[in-house]
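The structure under discussion appears below in the form of structure tokens.
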Amino acid sequence: MTVNRNLSRSLLHRRTGLAATAVAIAVSGATLVPAAATAAPGGPQAAPWAETAYRGGVHVVEGTGEDQDVLDGTVFADKNHNSVQDQNEQGLAGVTVSNGRDVTTTDSHGRYELPAFDNMTVFVTQPRGYQVPVDEDNVAQFFYHHLPEGSPELRYGGIEPTGPLPDEVNFPLAKSQLTQSPEQHCVIGGDIQTYNEQEVEYARAGAFADLAARTDYAGCGVTFIGDVVGDDLSLYPQTRELAGMLNGPARFLPGNHDLDFDATTSEHTFDTFRAQLGPEYYSYGTGKVHVVALNTVEYRAGTAYTGALDDQQLEWLRNDIAQVPEDRLIVLAAHIPLLDYADQGAARHQVAQVQEIYEILEGREAVAVGGHTHSIENLREGDSLAGWSQLFGVEGLPFTHITSGAISGDWYSGRLLDGGYPTAIQRDGGVPGVLTLDIKNTTFQERFTVRGDGAHQMALGLNAPRYREWYAANLANRGSAPAFENPLAVSREDLAGGTWLTTNFWMGSTGSTVQVTLDGGQTVETVRTQQLQGEGQLVGAEWSDPAAVQEQLVHGGSVADRSMHLWRLELPADLAAGEHTAEVTATDVHGRAFTETITFEITE
């Protein structure tokens with residue numbers, strides 16, 4: 001008898017006490033409606049996770065059974081939490097188990113059988129009302145890799161030889177009120193993407209410290225959707241240590257920076273990821289939610305990666321969804337998004353099989369979440385862009401697609417803040433943070449939690465002719481441009497030449513509104529720059545976020561020269577000289593309103 005090797009890992013030292021501060025981008029802001037930092041109101045209240053977490057592993061019964069073509073085992077209720085089925089512990093019927101291609105359900109005794117083949121990962125789909133065990137780093141344990149000879153020689157190790165097929169692979173589950181509840185809070189973390197030890201500490205001080213202070217996600221947990229590290233796979237143990245800070249289970253997906261680049265065949269390109277963190281793709285249930293975690297990165301040695309699912313994963317997806325009751329919300333998580341705004345004209349940064357995936361999900365309540373682009377996007381049903389139509393024949397989205405932003409933001413670039421992390425303002429002007437899907441039954445609301453300041457939801461700025469001239473003069477000097485002086489001062493001449501008050505509403509979408517009240521007067525609607533009605537991207541100084549760009553050109557990073565969530569109001573040309581205050585209220589598609597103010601000066 002053996003237990004999944006992850007159980008034997010020693011408990012790593014953890015640090016959770018680093019302070020965090022919010023990014024200030026030329027904005028004078030009022031306090032916003034706060035996002036939940038601890039348990040969500042009305043949600044299930046749990047004892048401290050560290051004290052009550054179900055820790056254990058998959059029970060692998062070693063042997064040299066005669067039939068090496070069939071794997072069997074039991075899914076059982078682990079009453080005493082020892083990971084082994086004891087005499088008084090019953091098998092669980094109707095639980096889904098897969099080998100990554102075929103999907104079956106357990107019989108009345110909790111037994112299953114699956115075809116076996118080399119280099120497969122067998123895994124259980126966690127059912128509602130139960131939770132899979134986690135190891136000492138909170139990494140969910142629900143899988144077993146079968147690779148008899150182990151990985152080929154790889155720089156970062158890959159998978160050790162597993163030997164002959166075990167006699168049994170048994171999956172323990174513990175009853176859970178948290179996953180039974182119809183209220184769930186599913187955290188999605190994009191692109192931790194640490195390239196070195198210093199960036200691990202940036203991640204620790206930022207999003208992971210924020211998550212360590214929250215207790216609302218213990219049921220659904222956190223799914224990290226790829227680019228867990230930045231090419232250096234030796235940093236996986238440090239990532240596991242960060243996961244040990246969480247108050248819920250951690251699950252991972254691979255990204256294009258999690259590849260074994262020295263693998264000579266495609267079937268081994270994620271072996272080190274699999275050995276350290278788990279399957280390339282899988283599913284799990286919680287509440288009335290079925291989360292499908294996909295590997296959307298395809299890589300063949302000597303070529304560039306692209307966004308795609310191979311035939312085996314597509315077959316698994318069809319089989320998996322076929323087992324899901326119709327009254328479930330499907331959350332489709334992936335690294336490379338199915339479709340996105342940032343790369344709408346680039347096929348390799350979106351998923352080639354998007355139409356097939358839509359067909360599989362037809363008629364289902366669904367939401368897709370992705371990472372990869374280091375931007376925040378909230379794309380709603382019916383949104384359309386020219387690139388989607390030209391590349392994939394998609395004329396309008398069938399359901400919401402959200403790009404979660406990155407924990408690393410813009411690759412940890414920019415000024416170092418007092419909180420112990422860089423500004424890292426992303427290519428859309430968004431800031432680092434995590435996405436949470438707040439779910440009741442099958443209805444969800446998306447919530448973006450800014451690193452260090454969960455209440456902050458927008459950035460305000462002024463786009464004047466003087467700013468656009470500075471932009472053009474310094475675009476080639478990214479990271480070394482002179483500071484833009486007096487960004488909140490506008491001359492009479494600039495007013496006449498067209499000056500906009502800009503609002504970058506990071507989780508804004510079609511259906512959102514942004515209103516401005518200037519100097520306590522009449523409230524007026526602003527205009528969204530990117531309508532998502534089949535047009536292409538609008539790019540350049542005129543369509544940029546000036547608050548973000550003024551940081552990026554001076555201190556480094558990407559340039560926020562386009563955005564799908566930027567609104568603007570042209571200031572009246574006859575504004576009197578002197579100080580003016582604008583109160584900006586951004587209201588999302590769910591009716592939640594956020595208000596900030598900006599004070600600026602008109603000069604003669």
Just verifying a value: how many Å separate Arg128 CZ and His290 NE2, rounded to the nearest 0.5 Å? 14.5 Å
Cys220 and Thr286: side chain to side chain contact (heavy atoms under 4.5 Å, CB included), yes or no, with the steps? CA-CA 6 Å; Cys220 191; Thr286 184; 3.8 Å; yes
Closest non-hydrogen atoms of Ala334 and Thr296, given as atom of the first, atom of the second and distance, are CB-CG2, 3.5 Å
For the pair Arg318 and Glu315, find out whether any cationic side-chain nitrogen is under 4.0 Å from an anionic carboxylate oxygen. no
Donor-acceptor pair, Asp232 side chain versus Ser234 backbone, under 3.5 Å? yes
Does His185 have its ring centroid less than 6.0 Å away from the ring centroid of Tyr217? no
Under 3.5 Å, is there a donor-acceptor pair between the side chain of Asp137 and the main chain of Val139? no
Search all heavy atoms of Tyr144 against all heavy atoms of Thr162 and return the closest pair with its distance. OH-CB, 3.8 Å
Taking the side chain as every heavy atom from C-beta outward, state whether Tyr112 and Asp107 have any atom pair closer than 4.5 Å. no
Atom of Cys186, atom of Ile439 and distance for their closest heavy-atom approach: SG-CD1, 4.0 Å
Would you check if there is a donor-acceptor pair between the side chains of Tyr284 and Thr223 at a distance under 3.5 Å? yes
Neighbour count above 12 (heavy atom, 6.0 Å) for Gln90 CD: no
Cation-pi between Arg251 and Phe224: NZ/CZ under 6.0 Å from ring centre and within 45° of the ring axis? no
Without swapping roles, check the side chain of Asn247 against the backbone of Ala212 for a donor-acceptor pair under 3.5 Å. yes
Hey, does Val229 have a side-chain heavy atom less than 4.5 Å from the side chain of Asp227? no
Quick one: are Val124 and Val95 in side-chain contact, heavy atoms under 4.5 Å? yes
Could you tell me whether a side-chain N or O of Thr194 sits under 3.5 Å from a main-chain N or O of Asn196, the two making a donor and an acceptor? no
Enter the distance from Leu233:CG to Thr239:OG1 here, rounded to the nearest 0.5 Å. 10.0 Å
On a heavy-atom basis, which atom in Ile357 and which in Leu314 lie closest, and how many Å separate them? CG1-CD2, 4.5 Å
With a 4.0 Å cut-off, would you call Asp262 and Arg155 a salt bridge? no
Spell out, as yes or no, whether a donor-acceptor pair under 3.5 Å connects the side chain of Glu241 to the backbone of Pro237. no
Do the side chain of Thr269 and the main chain of Ser266 share a donor and acceptor less than 3.5 angstrom apart? yes
Can you check whether Asn138's main-chain N or O pairs, donor with acceptor, with Asp135's side chain at less than 3.5 Å? yes
Are there over 12 heavy-atom neighbours, none belonging to Asp327, within less than 6.0 Å of that residue's CG? yes
Ion pair check, Glu168 and Arg111, cut-off under 4.0 Å: yes
In terms of ring plane angle, is the pair Tyr299 and Phe261 parallel, tilted or perpendicular, where the classes change at 30° and 60°? perpendicular
For atom NE2 of His81, decide whether the heavy atoms of other residues, nucleotides or ligands shown that lie under 6.0 angstrom number more than 12. yes
Identify the residue among Val331, Leu332, Asp320 that makes a side chain to side chain contact (heavy atoms under 4.5 Å, CB included) with Ser283. Asp320
When the aromatic ring centroids of Tyr236 and Phe270 are compared, is their separation below 6.0 Å? no
When you check the gap from the basic side-chain N to the acidic O, do Arg380 and Asp383 get nearer than 4.0 Å? no
Does any N or O in the side chain of Glu89 come within less than 3.5 Å of the main-chain N or O of Asn80, such that one atom is a donor and the other an acceptor? yes
Does a sphere of radius 6.0 Å around CD in Glu365 hold more than 12 heavy atoms from other residues, nucleotides or ligands, not counting ones at 6.0 Å or beyond? no
Given Thr403, which of Asn378, Asp340, Leu339 fulfils the side chain to side chain contact (heavy atoms under 4.5 Å, CB included) condition? Asp340
Any non-hydrogen side-chain atom of Ile321 less than 4.5 Å from a side-chain atom of Leu361? yes
Under the side-chain hydrogen bond (donor to acceptor under 3.5 Å, both in side chains) rule, what do Gln141 and Tyr54 come out as? Steps first, then yes or no, please. CA-CA 10 Å; Gln141 301 297 297; Tyr54 170 43; over 6 Å; no
Once the angle between the rings of Trp316 and Phe123 is folded into 0 to 90°, is it parallel (under 30°), tilted (30 to 60°) or perpendicular (over 60°)? perpendicular
Are Arg101 and Met120 side-chain neighbours, meaning at least one heavy-atom pair lies under 4.5 Å? no
Quick check: are there more than 12 heavy atoms from other residues, nucleotides or ligands sitting under 6.0 Å from CD of Glu267? yes
Taking Arg274 for its side chain and Pro279 for its backbone only, find out whether a donor-acceptor pair lies under 3.5 Å. no
Is it true that Arg451 and Asp210 make a salt bridge, defined as a side-chain N closer than 4.0 Å to a carboxylate O? no
Any side-chain donor paired with an acceptor under 3.5 Å for His268 and Asp271? yes
For Glu136 and Arg240, run salt bridge (Lys or Arg N to Asp or Glu O under 4.0 Å): C-alpha distance rounded to whole Å, both residues' side-chain angles, the deciding distance at 0.1 Å, then the answer. CA-CA 9 Å; Glu136 291 300 317; Arg240 278 180 151 277; over 6 Å; no
Looking at Glu199, Glu197, Gln193, which hits side chain to side chain donor-acceptor pair (under 3.5 Å) with Tyr195? Gln193
Note, Arg328 side chain near Val289 side chain (heavy atom, < 4.5 Å): no
I'd like to know whether Asp191 forms a side-chain hydrogen bond (donor to acceptor under 3.5 Å, both in side chains) with His372, so could you lay out the CA-CA distance, the side-chain angles of the two residues, the decisive distance to 0.1 Å, and finally the verdict. CA-CA 7 Å; Asp191 300 70; His372 184 60; 5.4 Å; no
Looking at Ala203 and Ile192, what are the two nearest heavy atoms and their distance? CB-CG2, 4.1 Å
Using the ring of each side chain (for Trp, its six-membered ring), is Phe444 parallel, tilted or perpendicular to His590, with breaks at 30° and 60°? perpendicular
Could you give me the CA-CA distance, side-chain angles and deciding distance for Thr106 and Thr74, then say whether side chain to side chain contact (heavy atoms under 4.5 Å, CB included) is met? CA-CA 8 Å; Thr106 55; Thr74 303; over 6 Å; no
Using a distance-only test with no angle check, is there a side-chain donor-acceptor pair under 3.5 angstrom linking Thr272 and Asp260? yes
Taking the six-membered ring for Trp and the single ring otherwise, decide whether the centroids of Phe252 and Phe273 are under 6.0 Å apart. no
Is there side-chain contact between Val75 and Asn170, with heavy atoms separated by less than 4.5 Å? no
On a heavy-atom basis, which atom in Arg364 and which in Glu326 lie closest, and how many Å separate them? NH1-CA, 3.6 Å
When the aromatic ring centroids of Phe142 and Phe171 are compared, is their separation below 6.0 Å? no
Working note: Asn256 + His335, criterion side-chain hydrogen bond (donor to acceptor under 3.5 Å, both in side chains); need CA distance, chi angles, decisive distance, verdict. CA-CA 8 Å; Asn256 50 289; His335 178 62; 2.9 Å; yes
Do the side chains of Val434 and Ile407 get nearer than 4.5 Å, heavy atoms only? yes
Gln126 side chain to Val132 main-chain N or O, any donor-acceptor pair under 3.5 Å? yes
